[in-house]
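Presented below is the structure to which this report refers.
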Amino acid sequence: MADSGGLGALLFLPRQMFKAVVVVVQVAFLVWFCYAAYDIRLYPIKDFGMVIHEFDPWFNYRATEYLAENGLAKFFKWYDYESWYPLGRPVGTTIYPGMQMTAVAIWEGMKKVGSFTFEVPSIVLLMNQLLGMMKSAGFAFVPTIPPSMSFAPMSVNDICCMMPPWFGTIASIFTGLLAYEISRSVNAGLITTGIMAVIPAHLMRSVGGEFDNEAVAVAAIVSTFWLWIRSVRSPKSWPWGVFAGMSYAYAAAAWGGGPIFVLNMVGVHALMLVGLGRFNSGVHKAYTLFWIIGTAGAIQIPVIGWQPIRSLEQLGPMLVFMGYQVLAFCDWRRRSSQMGTEEFVRFRIKVMAVFLGVLIVGVIILWPTGYFGPLSSRIRGLFVKHTKTGNPLVDSVAEHQPASSGMYVSYLNLPLDYAVLGGLVSLRKRNNGFYFMMLYAFIAHHFSGKMSRLVLICGPIVSVACGIWCGFLMDLLMEPFFLLLGKKPDRPTVLQEEPAKEAEKDEAPSPPVKGAAKAGGKASKERGSKGKDSGKSAKSSKKVAKKEVIYELEEWEEEVRPGGAMQLKRILKDNFDGIPEDIAALYPPNMPEYHKLSGISLRAVISVLVILYTLTLGSTIPKVYQFVKHCDNVAQSLSNPQVVFHYRDRAGRKVLVDDYLKGYQWIDENTPKDARVMAWWDYGYQI
């Protein structure tokens, strides 16, 4: 339905008004989801105050205190004689300090900003009436706007308590961006943000006071993944690789799984793009920048050091980096030497053979020297039975056991039921982000089944897949209203065909294939020879016409690449096209029935009926309500800091038990600072 003349001008204003209403509603829901991500994580703060949870969070807080008091240089050299007495521990070289550095940076920034108060405009306060109605209707996590808001610097302890809710919100936003990049649907990104805000798999390490590495790492992980697939969206998107590398360096500094999980995910995806025939100069630049910047940042962390180029767990992405340089060199020679397809294939095989030979010789030389580090116990535990890692401490920890089906149901819940549907509707586009989503889903499912704590990494991908499915349905319901207001319908990309010129004109060189200006000489030579052959035929039958296909480049393509996986796909597509030419030729000139005015009107009526049914009689709203209630219950169950907790007595009254906390406080106040306290701590048990 195209804009034309007076009708287009008449519909322009209503269409823009409808868009404005949609945007306002989407922004309102985004703000609400962000607040929900923050509010659902505040139960420990509301119930117990600014108390750090046991056990790892206490150690992390103590390290943050030392960093705030002594600075980064002394922190990296810190040998703590008060822990693991009498041996002590070199904390500065055995800790992933990204979380502590972030907390101290926030602390320093708050001190520079200082205190201030501002009055909320009265027009904004009018929204409290709407918010009150939402609360009365049963909506969860609805805020109340105060008449004034104040800001004041916080203590290191308070910042450490509040960082999990802050970063839980940030992680939800980045997960929404990840879903948008895969689907290009604003609604999909919006719903993904809402799911990630409350899904228990994300809550399990990000409630207030849970100052643990994963609380910060999840935000860094999804940020890196979004920036990476954004950098390979198109050949011109490669500058995003700079930010992807920086985000990966932060993820590596914040979490022990960062250098392994994040780096290998991106490395395997980069290798997958080669296998799919999607390697180009943009992908090469993006991955090169990502690996160099990310590795340069990661090796600055003492606990990581040179592992990215020595550890067997991280050598795969480095090999992909080296292979990318070889492929880029081959492409450079193809363009500079105007190689044909056959010549280019032979040249690339020779270069790759030399590369593999050099690689094998290098491994043979370096292996006896001990250059390559062994696999860690936790990584071995992902590939062998958990009782055979060789490390009794690792084998004994409950969270290192395989995940049960009940754990998936509890921590992923309703979104897991629709995750597969999200993957199916993403098949329509099959962009680079889609293949990353499939890879992420496989790795998260496989390794979380080996180690239950890794259910954590399932939260983002399940949220993305479910959000894409819900966004697809919302887009489908909203589309007819936009079409009625003059939006042009999307048309499928059709391969164009041109008849060959007459015999005497075919003797001239053929024009280059669209998008293949950089492909080299062979493509043009082959088409030129075809033109000569058709010219010979035309001499005998003057009426013969030949058609040739002009390939429309996809978003992720830079050229019509010869001699690779993409050319094989083109050959298969040309030879095994499922739609006969005579039927396909009928499609472009004619508008499909559902894009005609009567069809659009019918779709609009169906959309209204579906929306009304969903809001009144359908089972969707009750399911969503039960899901949110389940998430809220999980958040409350995770809120006990363990050093202080609530329980209900026989009369049903809530009783505060703070014996542990008071005991620690008594020891702190009544013993010398250098006193040795005999204690045993092992993953949640203490004497």
Discussion item. Determine whether T169 and F33 satisfy the following criterion, side-chain contact (heavy atoms from CB on, under 4.5 Å), listing intermediate values before the conclusion.
Written reply: CA-CA 9 Å; T169 305; F33 292 155; over 6 Å; no
Worksheet item: Which is it for F76 and T93 under the side-chain contact (heavy atoms from CB on, under 4.5 Å) test, yes or no, and what are the steps along the way?
Response: CA-CA 6 Å; F76 283 143; T93 56; 5.8 Å; no
Item to complete: Apply side-chain hydrogen bond (donor to acceptor under 3.5 Å, both in side chains) to Y250 and S223, showing your working.
Response: CA-CA 10 Å; Y250 179 72; S223 167; over 6 Å; no
Discussion item. For a side-chain contact (heavy atoms from CB on, under 4.5 Å) check, start with the C-alpha distance between L203 and I199, then their side-chain angles and the critical distance, and finish with the verdict.
Written reply: CA-CA 6 Å; L203 291 172; I199 192 168; over 6 Å; no
Worksheet item: Do W166 and I159 pass the side-chain contact (heavy atoms from CB on, under 4.5 Å) test, and can you show the C-alpha distance, the side-chain angles, and the key distance before you say yes or no?
Response: CA-CA 10 Å; W166 293 341; I159 290 173; 4.2 Å; yes
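Residues E558 and S234 fail the side-chain proximity criterion, which asks for heavy atoms closer than 4.5 Å. Inter-residue side-chain proximity for L638 and E210 is flagged as unmet; no heavy-atom pair is nearer than 4.5 Å. Taking 4.5 Å as the limit, every side-chain heavy atom of E313 sits out of range of all side-chain heavy atoms of L263. Inter-residue side-chain proximity for V643 and H53 is flagged as unmet; no heavy-atom pair is nearer than 4.5 Å. Considering only heavy atoms from C-beta on, L177 stays 4.5 Å or farther from R230 through its side chain. Two residues are said to be in side-chain contact when any heavy atoms from C-beta on lie closer than 4.5 Å; W469 and L473 meet this criterion. The side-chain heavy atoms of V303 and I95, taken from C-beta on, include no pair separated by under 4.5 Å. Looking only at side-chain heavy atoms (C-beta outward), W556 and V232 stay at 4.5 Å or farther from each other.
For the side-chain hydrogen bond (donor to acceptor under 3.5 Å, both in side chains) condition, the pairs that include at least one residue of residues 622-636, sequence neighbours left out, are Y43-D632, D632-Q636. Identified under the side-chain hydrogen bond (donor to acceptor under 3.5 Å, both in side chains) test for residues 405-422, with sequence neighbours left out: Y408-S448. Within the structure, side-chain hydrogen bond (donor to acceptor under 3.5 Å, both in side chains) pairs that include any residue of residues 428-437 comprise R278-N432 (at least two apart or interchain). Residue pairs satisfying the side-chain hydrogen bond (donor to acceptor under 3.5 Å, both in side chains) criterion with at least one member in residues 178-199, sequence neighbours excluded, are listed as follows: Q26-N187, E181-R184, E181-R233, R184-E555, S185-D475, N187-D475.
In this structure, CD1 in I195 is found 10.0 Å from CG in L190, a value given to the nearest 0.5 Å. Atom CG in L315 sits 9.5 Å away from atom CG in N264 (nearest 0.5 Å). The CG atom of L289 sits 12.0 Å away from atom CE of M246, with the distance rounded to the nearest 0.5 Å. The distance from the CD1 atom of I299 to the CD atom of Q307 is 11.5 Å, given to the nearest 0.5 Å. With rounding to the nearest 0.5 angstrom, the CZ atom of F243 is 8.0 Å from the CG atom of L227. Between atom CD1 of residue I443 and atom SG of residue C458 there is a gap of 11.5 Å, rounded to the nearest 0.5 Å.
Of all heavy-atom pairs between G294 and A249, the closest is O-CB, 4.0 Å. The shortest heavy-atom contact between T175 and P460 is CG2-O, 3.8 Å. Heavy atoms only, all atoms of each residue included: A103 and F211 are closest at CB-CZ, 4.2 Å. In terms of heavy atoms, A219 sits closest to I170 at CB-CG2, 4.1 Å. Here the shortest heavy-atom pairing between G209 and I45 reads N-CD1, 4.3 Å. Shown here for M196 and A171, the closest heavy-atom pair between the two residues is CG-O, 4.3 Å.
For the 3.5 Å distance criterion, the side chains of S231 and Y287 fail to qualify, holding no donor opposite an acceptor. Between the side chains of E214 and S206, no donor N or O sits under 3.5 Å from an acceptor N or O.
Under the 30°/60° scheme for interplanar angles, the aromatic rings of H446 and F442 are found to lie parallel. Note: W78 and Y66 have parallel aromatic rings, judged against thresholds of 30 and 60 degrees for the angle between ring planes. The aromatic rings of W58 and Y61 sit perpendicular, their planes meeting at an angle over 60°, well past the 30° parallel limit. Below 30°, between 30° and 60°, or above 60°: for F290 and W228 the angle between ring planes is between 30° and 60°, a tilted geometry.
A distance-only check finds a donor-acceptor pair linking the side chain of Y440 to the backbone of I457 [under 3.5 Å]. No donor-acceptor distance shorter than 3.5 angstrom exists from the side chain of T369 to the backbone of I365, with no hydrogens or angles considered. Checking side-chain atoms of N280 against main-chain N and O of V283 turns up a donor-acceptor pair under 3.5 Å.
Note: F141 and Y35 fail the aromatic proximity criterion, with ring centroids not under 6.0 Å apart.
In the displayed structure, F627 atom CZ is contacted under 6.0 Å by more than 12 heavy atoms of other residues, nucleotides or ligands. The neighbour count for F59 CZ, taken as heavy atoms of other residues, nucleotides or ligands under 6.0 Å away, is above 12.
Residues meeting the side-chain contact (heavy atoms from CB on, under 4.5 Å) test with N213, sequence neighbours left out: N60, Y96, M99, W255.
A side-chain contact (heavy atoms from CB on, under 4.5 Å) with P44 holds for exactly one of I52, V51, V207, N640; it is V207.
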Tabulate below the donor-acceptor pairs under 3.5 Å that side-chain atoms of residues 316-327 make, not counting sequence neighbours, or state none.
residue : atom : partner : partner atom : Å
Y324    : OH   : A270    : O            : 2.7
Q325    : OE1  : H284    : NE2          : 2.9
Q325    : NE2  : T288    : OG1          : 3.1
Q325    : NE2  : F321    : O            : 3.0

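Taking 4.0 Å as the cut-off between side-chain N and carboxylate O, R89 and D80 do not count as a salt-bridged pair.
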